[in-house]
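Chain letters run A, B, ... following the sequence lines, proteins first and then strands; every chain starts at 1.
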Amino acid sequence: MDLTTHATGYACINLTLQANKVTTNRGMIKKTFSEKGIAYASELALKNVQDLLKIVDWNLENGFGLFRISSDIFPWASEYRLVDLPDFPDIWATLKKIGSRPIRLTIHPGPFNQLAGQGKTLDNTIKDLETHSELFDLMGLKPSHWNKINIHVGGTYGDKAATLTRFAQNFNLLSDNLRARLTVENDDRLSLYTVTDLVSLYERTGIPIVFDYFHHHLNPGYQTEKEAFMTAYNTWDVRPVFHYSDSRQLHEDPQARREAHADWLYSTVNTYGKEVDIIFECKMKELAVQKLIHQ
DNA sequence: TCATGTCAAGTCTGC
DNA sequence: GCAGACTTGACATGA
């Protein structure tokens with residue numbers, strides 16, 4: 001490992017603890033939510049949050065200074081306010097404990113968020129993103145890119161430039177705390193957004209760019225890895241969080257889609273002499289990171 | 001307990 | 001035209 005990389009982390013699931021039923025992904029299908037409602041959502045959310053505390057503490061005991069929280073902690077969060085959950089006092093108390101731990105927490109809302117969207121799509125996006133920001137508020141986390149809420153720009157609607165302009169306009173509809181936390185990530189598909197594409201958004205909004213190494217290799221635009229890394233690095237006002245994964249097609253299964261992540265990690269990460277925190281995205285989660293570091 | 005079919009949201013890709 | 005994928009499989013049902 002490049003020792004200038006400051007903290008390492010992984011996304012959403014801890015396989016070691018999951019084997020003991022410790023998970024933050026309890027949820028339910030629509031039918032169950034319509035039958036059992038917010039009371040059951042609250043029950044699951046409390047369990048999810050309590051297990052998040054266990055995962056965070058496991059991370060600290062095992063040298064992980066960074067962790068991506070799952071977006072599935074609050075089932076059907078679009079349908080209620082967090083403060084209305086019957087177990088809210090217990091949930092909040094647990095969240096405050098989590099927020100007080102010396103670990104860098106981030107989150108990555110799903111692909112349904114289309115900040116450049118319109119109408120109901122945009123309304124739903126704002127609600128979802130604000131709920132993520134509220135989660136960090138409840139943890140007592142100061143609004144900044146240190147605890148990033150990272151999304152992709154989303155679709156292009158057939159016109160990247162016009163879509164980025166709309167994204168920048170809609171960014172102004174968000175709360176101060178959310179705007180202080182939001183970051184954007186480069187995409188893996190050729191039709192979507194490269195680091196260079198995102199620079200124009202940064203120049204208009206100040207939104208930092210999360211550099212995803214693997215996505216860059218699949219969709220480099222005209223920049224080398226080092227150029228794209230530095231371009232993204234220079235958009236940050238705190239130590240950046242970048243994403244790393246290896247190719248499944250290259251390392252594990254020639255038949256795999258080119259965008260598929262490998263289960264494990266195979267390469268060291270070049271951080272070009274800069275201090276960067278890395279989230280490793282791989283199916284084998286913390287086990288893959290431990291294996292990489294100890295090899 | 002276990003196998004299996006099913007599952008909110010938006011957009012794009014590949015079959 | 002539709003399933004699959006996306007940062008992460010988990011839930012519900014019936015045997």
For atom P, what is the distance between B:dC2 and C:dC6, given to the nearest Å? 28 Å
Should the pair A:R26-A:D72 be classified as a salt bridge under the 4.0 Å nitrogen-to-oxygen rule? no
Please state the P separation for the pair B:dG10 and C:dA10 - nearest whole angstrom. 23 Å
When the P atoms of C:dG9 and B:dC12 are compared, how many Å lie between them, rounded to an integer? 24 Å
If you measure from the Lys or Arg side-chain nitrogens to the Asp or Glu carboxylate oxygens, is any gap between A:K36 and A:E43 under 4.0 Å? no
Expressed as a whole number of Å, how far does the P atom of B:dT6 sit from that of C:dT8? 24 Å
Both conditions, 6.0 Å and 45 degrees, for the charged tip of A:R166 above the ring of A:Y157: are they met here? yes
Do the side chains of A:D57 and A:K54 get close enough for a salt bridge, i.e. N-O under 4.0 angstrom? no
Please list, for nucleotides 12-15 of chain B, all pairs of protein and nucleotide N/O atoms separated by less than 3.5 Å.
residue: B:dC12; atom: OP1; partner: A:T156; partner atom: N; Å: 2.9
residue: B:dC12; atom: OP1; partner: A:T156; partner atom: OG1; Å: 3.3
residue: B:dC12; atom: OP1; partner: A:Y157; partner atom: N; Å: 3.2
residue: B:dC12; atom: O4'; partner: A:R189; partner atom: NH1; Å: 3.4
residue: B:dT13; atom: OP1; partner: A:S191; partner atom: OG; Å: 2.6

Among residues 132-142 of chain A, which residues get a heavy atom nearer than 4.0 Å to DNA chain C? none
Taking the basic N atoms (NZ, or NE/NH1/NH2) and the acidic carboxylate oxygens, is any pair closer than 4.0 Å for A:R181 and A:D137? yes
Should stems be defined as at least three consecutive Watson-Crick or G-U pairs with both distances under 3.5 angstrom, which of them involve DNA chain C? B:1-7 with C:9-15, B:10-15 with C:1-6
Cationic N near anionic O, under 4.0 Å, A:R81 to A:D84: yes
Set of side-chain hydrogen bond (donor to acceptor under 3.5 Å, both in side chains) partners for A:T196, sequence neighbours left out: A:Q223
How would you list, by chain and number, every residue that makes a side chain to side chain contact (heavy atoms under 4.5 Å, CB included) with A:T235, sequence neighbours excluded? A:Y202, A:P208, A:I209
Whole-Å P distance, C:dT7 and B:dG5: 27 Å
Protein proximity profile, nucleotides 7-15 of chain C - base contact B, sugar-phosphate-only contact S, no contact -, cut-off 4.0 Å on heavy atoms: BBSSSSS--
